[in-house]
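Here's the structure we're looking at; comments come further down.
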Amino acid sequence: AEADALLTGVGTIAADDPELTVRDCDGRTPIRVVLDRTLRTPLSAKIFAGGNLIFFAASDTDKNIIADFEKNGARVITPEENTPLNIHFILSKLSENGVNYLMAESGAGVTSSLIESGCADERALVAAPKIMGNGVRFSDKIILDNMNQCISLKNIKTEMCGDDLYLKGVFSCSPDL
């Protein structure tokens with residue numbers, strides 16, 4: 001894996017119970033990072049296997065729950081009391097821990113937060129050759145009323161991964177990577 005850390009939200013943990021580990025190729029598993037304000041991730045979740053795990057929770061999270069997570073090998077980071085848990089705090093703390101390249105494998109909430117905050121430099125999408133109607137959203141907070149408001153990608157690269165199309169591009173507002 002190229003990333004220093006892999007970020008997801010509690011919604012993805014609840015829906016998919018992922019391990020977020022490197023499989024089927026060489027490389028180390030990045031630090032796994034979960035955004036979970038109230039630490040509602042079940043202690044039986046697969047994410048706890050393998051260590052190298054950080055949870056970000058709200059400052060008012062129950063200390064007993066934090067202790068349970070730490071007993072299961074997770075590090076729990078909270079902001080100071082009465083300080084909001086936001087993406088800038090999270091990225092700052094990850095940077096302090098040596099994370100320079102963060103990959104998000106997340107749902108619409110985390111994806112929206114990264115894009116809206118201007119903290120995302122590039123976007124990778126995988127499209128399967130299947131049509132399913134109403135499904136999982138790419139973003140749940142970003143509302144664009146017309147094409148002039150669209151978020152554009154540049155330096156686009158595409159490749160096939162089996163039957164799936166992999167598309168990667170840099171946000172037009174980001175420096176060239």
Side-chain angles (χ1 to χ4, degrees), residues 1-79 85-87 89-115 117 119-130 132 134-141 159 161-168:
E2 297 174 3
D4 299 318
L6 184 58
L7 174 75
T8 197
V10 66
T12 297
I13 299 294
D16 301 335
D17 195 18
E19 295 176 49
L20 300 181
T21 57
V22 172
R23 296 180 303 280
D24 302 327
C25 66
D26 293 332
R28 62 168 176 71
T29 294
I31 299 167
R32 294 161 308 139
V33 181
V34 181
L35 307 183
D36 185 353
R37 290 183 187 280
T38 60
L39 296 181
R40 65 182 175 102
T41 298
L43 295 174
S44 60
K46 292 178 186 173
I47 195 76
F48 284 100
N52 215 10
L53 176 62
I54 298 173
F55 278 84
F56 281 91
S59 60
D60 60 351
T61 302
D62 185 306
K63 302 302 179 212
N64 292 321
I65 296 173
I66 292 174
D68 289 342
F69 272 60
E70 290 173 340
K71 286 178 197 167
N72 275 281
R75 181 172 168 208
V76 178
I77 298 175
T78 61
L85 178 63
N86 63 46
I87 201 69
F89 170 81
I90 292 161
L91 295 178
S92 174
K93 289 298 181 186
L94 290 174
S95 177
E96 289 173 15
N97 284 277
V99 174
N100 295 310
Y101 181 13
L102 175 66
M103 178 178 162
E105 186 171 322
S106 55
V110 173
T111 299
S112 295
S113 294
L114 288 166
I115 293 171
S117 67
C119 293
D121 288 319
E122 57 185 15
R123 178 70 179 155
L125 300 168
V126 178
K130 300 181 185 325
M132 63 178 264
N134 234 2
V136 178
R137 293 180 176 271
F138 163 76
S139 166
D140 66 353
K141 297 178 187 172
E159 65 181 82
C161 296
D163 289 336
D164 297 340
L165 173 66
Y166 175 78
L167 179 140
K168 182 177 179 180

Would you say the side chain of Leu85 lies within less than 4.5 Å of the side chain of Ile90, judging by non-hydrogen atoms? yes
Within the side chain of Ser95, is there an N or O that forms a donor-acceptor pair under 3.5 Å with the backbone of Leu91? no
Working for side chain to side chain contact (heavy atoms under 4.5 Å, CB included), residues Leu53 and Val34: CA-CA 8 Å; Leu53 176 62; Val34 181; 4.1 Å; yes
Shortest non-hydrogen pair, Asp62 vs Asn64, comes out as OD1-N, 2.6 Å
Mind checking whether Phe48 and Phe55 have parallel, tilted or perpendicular rings, split at 30° and 60°? parallel
Is it the case that the side chain of Arg32 and the backbone of Ile47 share a donor-acceptor pair, with hydrogens and angles ignored and the cut-off at 3.5 Å? yes
Rounded to the nearest 0.5 Å, what's the gap from CG on Asp68 to CG on Leu39? Could you check? 9.5 Å
Does the side chain of Lys168 come within less than 4.5 Å of Arg123's, by heavy atoms? no
Any chance you could measure Leu114, atom CG, to Leu102, atom CG, to the nearest 0.5 Å? 7.0 Å
Kindly indicate, with the supporting measurements, whether the criterion side chain to side chain contact (heavy atoms under 4.5 Å, CB included) is fulfilled by Leu35 and Val10. CA-CA 6 Å; Leu35 307 183; Val10 66; over 6 Å; no
Glu70 vs Arg75, test: salt bridge (charged side-chain N to carboxylate O under 4.0 Å, His left out). Steps then yes/no. CA-CA 6 Å; Glu70 290 173 340; Arg75 181 172 168 208; over 6 Å; no
Test side chain to side chain contact (heavy atoms under 4.5 Å, CB included) on Phe56 and Leu94 and set out the steps. CA-CA 10 Å; Phe56 281 91; Leu94 290 174; 4.0 Å; yes
Looking only at non-hydrogen atoms, find the nearest pair between Asp17 and Lys46 and report the distance. OD1-N, 2.9 Å
Step by step, would you call Thr41 with Phe69 a side chain to side chain contact (heavy atoms under 4.5 Å, CB included)? CA-CA 9 Å; Thr41 298; Phe69 272 60; 4.1 Å; yes
Rounded distance (nearest 0.5 Å) linking atom CG of Asn72 with atom CG of Leu43: 5.0 Å
Which heavy atom of Asp4 sits nearest a heavy atom of Asn100, and at what distance? OD2-N, 2.8 Å
Shortest non-hydrogen separation from Thr78 to Ala58 and the atoms involved: CG2-O, 3.5 Å
4.5 Å side-chain heavy-atom contact, Ile77 and Phe89: yes
Do we see a donor-acceptor contact under 3.5 Å between the side chains of Asn52 and Arg28? no
Give a yes or no answer on whether the side chain of Thr8 reaches the backbone of Glu105 with a donor-acceptor pair at less than 3.5 Å. yes
What closest approach, in Å, do Ala3 and Pro30 show between heavy atoms, and which atom pair accounts for it? O-CB, 3.4 Å
pair Leu6-Val33: side-chain heavy atoms closer than 4.5 Å: no
Hey, could you give me the CG/CZ distance between Asp60 and Arg37, rounded to the nearest 0.5 Å? 10.0 Å
For the residue pair Thr111 and Gly107, what are the closest heavy atoms and their distance? OG1-O, 2.8 Å
If only atom types and distance count, is the side chain of Thr61 paired as donor or acceptor with the main-chain N or O of Ala57 below 3.5 Å? no
Would you say the side chain of Leu7 lies within less than 4.5 Å of the side chain of Ser106, judging by non-hydrogen atoms? no
May I ask you to check whether over 12 heavy atoms, not counting those of Lys71, lie within 6.0 Å of atom NZ? no
Is it the case that the side chain of Thr29 and the backbone of Val22 share a donor-acceptor pair, with hydrogens and angles ignored and the cut-off at 3.5 Å? yes
